[in-house]
Amino acid sequence: MSIDSEMDLLLSMPLFSAVQPARCKLVAMSSDRLEFARGDVVLAEGEPSVSVLVIVSGRVRVTRALADRSVEIAELGEGAVIGETGVISGRARNSTVTATEPTTALRIDGRVFVELLKQVPELCFAMVRELAVRIEQTNERLSYVATDL
């Protein structure tokens, strides 16, 4: 995939749609393309948060260790951004992300992502909205899991 097609892909995603094409091109140029097979760990809970991944194709499962078991938090696909909470907070990864099918992702350096959030208020607001939705979904899922304990 070329830089221009990766830029077009980013611009087609709701999260990046407000970003100027020139900035998206810089993000695309500074990103790495990663390929994961089914079952590969994409991000591991507890590891340093140094990058954000954008799912280009495929699906991933997000899980979190809880007591003596792993709890599924979400299943995400094309266009999803993962790893952003740790990059924004400066904390270690808070969940494990595993490919449930062959998956391609763009890895964006965390510093580049944070700088983009600072420079593009629309992106920052879209990220806040996305995180709010994820918090609500996670709370619902965890309250369901808690009733099973």
Side-chain angles (χ1 to χ4, degrees), residues 1-19 21 23-117 123 126-149:
M1 188 177 251
S2 71
I3 295 296
D4 286 335
S5 58
E6 288 177 354
M7 177 190 74
D8 290 341
L9 174 71
L10 289 172
L11 287 170
S12 73
M13 297 176 183
L15 185 65
F16 290 93
S17 63
V19 178
R23 287 189 191 199
C24 260
K25 189 168 191 167
L26 287 173
V27 170
M29 289 171 56
S30 66
S31 66
D32 298 315
R33 191 177 205 41
L34 305 175
E35 303 286 337
F36 300 96
R38 182 178 190 271
D40 285 353
V41 173
V42 176
L43 302 174
E45 188 171 348
E47 72 183 10
S49 299
V50 295
S51 61
V52 171
L53 276 68
V54 178
I55 305 298
V56 174
S57 64
R59 295 198 65 74
V60 297
R61 178 174 292 122
V62 182
T63 58
R64 185 150 194 191
L66 181 66
D68 61 342
R69 63 183 174 157
S70 180
V71 177
E72 183 178 327
I73 303 298
E75 188 164 322
L76 304 170
E78 183 177 323
V81 177
I82 56 175
E84 73 289 346
T85 56
V87 165
I88 292 169
S89 70
R91 300 179 71 178
R93 305 278 188 213
N94 64 11
S95 56
T96 296
V97 179
T98 307
T100 58
E101 61 185 56
T103 299
T104 302
L106 292 179
R107 179 176 50 203
I108 303 168
D109 181 89
R111 294 171 302 216
V112 171
F113 187 74
V114 168
E115 201 52 43
L116 196 58
L117 288 175
L123 175 64
M127 189 79 262
V128 168
R129 185 176 40 236
E130 175 67 23
L131 290 173
V133 168
R134 286 196 191 168
I135 288 169
E136 290 174 353
Q137 291 171 340
T138 300
N139 285 342
E140 285 178 29
R141 192 158 212 81
L142 290 177
S143 64
Y144 175 77
V145 168
T147 60
D148 286 349
L149 296 177

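Values below: all heavy atoms of this structure, side chains included; hydrogens, waters and symmetry mates excluded.
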Option passing side-chain contact (heavy atoms from CB on, under 4.5 Å) with Val62 (candidates Val71, Val97, Thr98, Asn94)
Val97
Please say which of Asp32, Thr103, Leu43 ends up in a side-chain contact (heavy atoms from CB on, under 4.5 Å) with Leu53.
Leu43
In the structure I gave you, are the side-chain heavy atoms of [X] and [Y] within less than 4.5 Å of one another anywhere?
{"X": "Leu106", "Y": "Arg33", "value": "yes"}
{"X": "Lys25", "Y": "Asp4", "value": "yes"}
{"X": "Leu10", "Y": "Val19", "value": "no"}
{"X": "Phe16", "Y": "Val54", "value": "yes"}
{"X": "Ile135", "Y": "Asn139", "value": "yes"}

Kindly determine whether Glu72 and Thr63 satisfy side-chain hydrogen bond (donor to acceptor under 3.5 Å, both in side chains), including the steps that lead there.
CA-CA 4 Å; Glu72 183 178 327; Thr63 58; over 6 Å; no
Gap separating the [atom1] atom of [X] from the [atom2] atom of [Y], nearest 0.5 angstrom:
{"X": "Ile82", "Y": "Arg107", "atom1": "CD1", "atom2": "CZ", "answer": "11.5 Å"}
{"X": "Ile73", "Y": "Arg61", "atom1": "CD1", "atom2": "CZ", "answer": "12.0 Å"}
{"X": "Glu78", "Y": "Ser12", "atom1": "CD", "atom2": "OG", "answer": "7.0 Å"}

Go through the steps to decide whether Val56 and Leu9 satisfy the test side-chain contact (heavy atoms from CB on, under 4.5 Å), and finish with yes or no.
CA-CA 8 Å; Val56 174; Leu9 174 71; 3.5 Å; yes
I'd like to know whether Ile88 forms a side-chain contact (heavy atoms from CB on, under 4.5 Å) with Leu117, so could you lay out the CA-CA distance, the side-chain angles of the two residues, the decisive distance to 0.1 Å, and finally the verdict.
CA-CA 9 Å; Ile88 292 169; Leu117 288 175; 3.9 Å; yes
Which heavy atom of [X] sits nearest to which heavy atom of [Y], and what is that distance?
{"X": "Leu11", "Y": "Cys24", "result": "CD2-SG, 3.5 Å"}
{"X": "Ala99", "Y": "Val42", "result": "N-CG2, 3.9 Å"}
{"X": "Thr100", "Y": "Val60", "result": "OG1-N, 4.0 Å"}
{"X": "Ser31", "Y": "Ala28", "result": "OG-O, 2.9 Å"}

When you check the gap from the basic side-chain N to the acidic O, do Glu47 and Arg93 get nearer than 4.0 Å?
yes
Under a 3.5 Å threshold, yes or no: a donor from one side chain and an acceptor from the other, between Ser95 and Glu45?
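Side-chain D/A pair, Ser95 to Glu45: absent.
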Residues pairing under side chain to side chain donor-acceptor pair (under 3.5 Å) where one sits in residues 126-136, two or more places apart or in two chains, turn out to be Glu84-Arg134, Glu130-Arg134
Any side-chain to backbone donor/acceptor pair from Ser49 onto Arg91? Under 3.5 Å, distance only.
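Checked: pair present.
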